[in-house]
Amino acid sequence: MRRVAHDSSAIAMSSVQLEGGPNELSGTVELAEMDEVIFSGEKIKIRYGNGYEHFETVPAPPATSGGEEPEPMTFRWVGRTKIAE
């Protein structure tokens with residue numbers, strides 16, 4: 001399983017694949033273009049509207065030896081929290 005915590009600066013500057021959650025956050029996104037992204041262990045939360053969308057890492061498929069470019073890290077939506085007023 002891939003870990004985020006030890007390499008969060010590299011993840012913050014890269015493309016990731018997001019599954020689930022709001023349509024505007026689904027698919028391949030550039031985290032560097034997001035307003036606020038918080039890394040915690042194997043989770044990220046992205047500020048979106050009046051709350052945070054929470055995503056967890058998805059285990060990576062087995063590596064292939066074909067010299068292919070690695071797929072972006074994948075995160076699956078697990079919930080949303082609202083920002084307290």
Side-chain angles (χ1 to χ4, degrees):
M1 186 180 287
R2 291 180 276 193
R3 299 211 33 99
V4 176
H6 72 280
D7 199 15
S8 61
S9 61
I11 299 298
M13 301 310 290
S14 66
S15 295
V16 297
Q17 183 73 24
L18 299 179
E19 297 178 347
N23 288 334
E24 294 81 9
L25 292 180
S26 292
T28 303
V29 300
E30 297 287 333
L31 291 181
E33 295 175 2
M34 299 287 161
D35 288 334
E36 184 179 350
V37 179
I38 300 169
F39 298 90
S40 172
E42 294 182 354
K43 301 177 183 180
I44 59 173
K45 64 181 184 177
I46 300 171
R47 185 169 182 167
Y48 183 74
N50 65 344
Y52 289 97
E53 303 300 332
H54 298 257
F55 296 85
E56 293 182 349
T57 57
V58 174
T64 59
S65 60
E68 301 171 10
E69 222 173 280
E71 292 290 321
M73 190 172 215
T74 301
F75 292 85
R76 184 170 293 130
W77 185 79
V78 294
R80 179 174 211 285
T81 55
K82 289 189 174 185
I83 297 172
E85 293 184 20

Quick check: are there more than 12 heavy atoms from other residues, nucleotides or ligands sitting under 6.0 Å from CG of Asp35? no

Work out which heavy atom in Leu18 is nearest to a heavy atom in Ile44; give both atom names and the distance. CD2-CD1, 4.3 Å

Between atom CD of Glu53 and atom NZ of Lys45, what is the distance when rounded to the nearest 0.5 Å? 11.5 Å

List the atom of Ser26, the atom of Gly20, and the distance in Å for their closest heavy-atom pair. OG-O, 3.2 Å

Could you pull out the closest heavy-atom pair between Pro22 and Trp77, with the gap in Å? CD-NE1, 4.3 Å

Kindly indicate whether the side chain of Val16, heavy atoms from C-beta on, has any atom under 4.5 Å from the side chain of Phe55. no

Tightest non-hydrogen contact, residues Val58 and Phe75, listed as CG2-C, 4.2 Å

Is any side-chain heavy atom of Ile83 closer than 4.5 Å to a side-chain heavy atom of Asn50? no

same_hphob_cluster(Leu31, Tyr52) at 4.5 Å side-chain heavy-atom cutoff: no

Pair Glu56 + Lys43: basic N to acidic O under 4.0 Å: yes

To the nearest 0.5 Å, what is the distance between CD (Glu19) and OG1 (Thr74)? 5.5 Å

Given the rule that I, L, V, M, F, W and Y join up when any side-chain heavy atoms are under 4.5 Å apart, are Leu25 and Val78 in one cluster? no

Please report the shortest heavy-atom distance between Tyr48 and Glu24, naming the atom on each side. OH-OE1, 2.7 Å

Gap separating the CD atom of Glu42 from the CE atom of Met73, nearest 0.5 angstrom: 7.5 Å

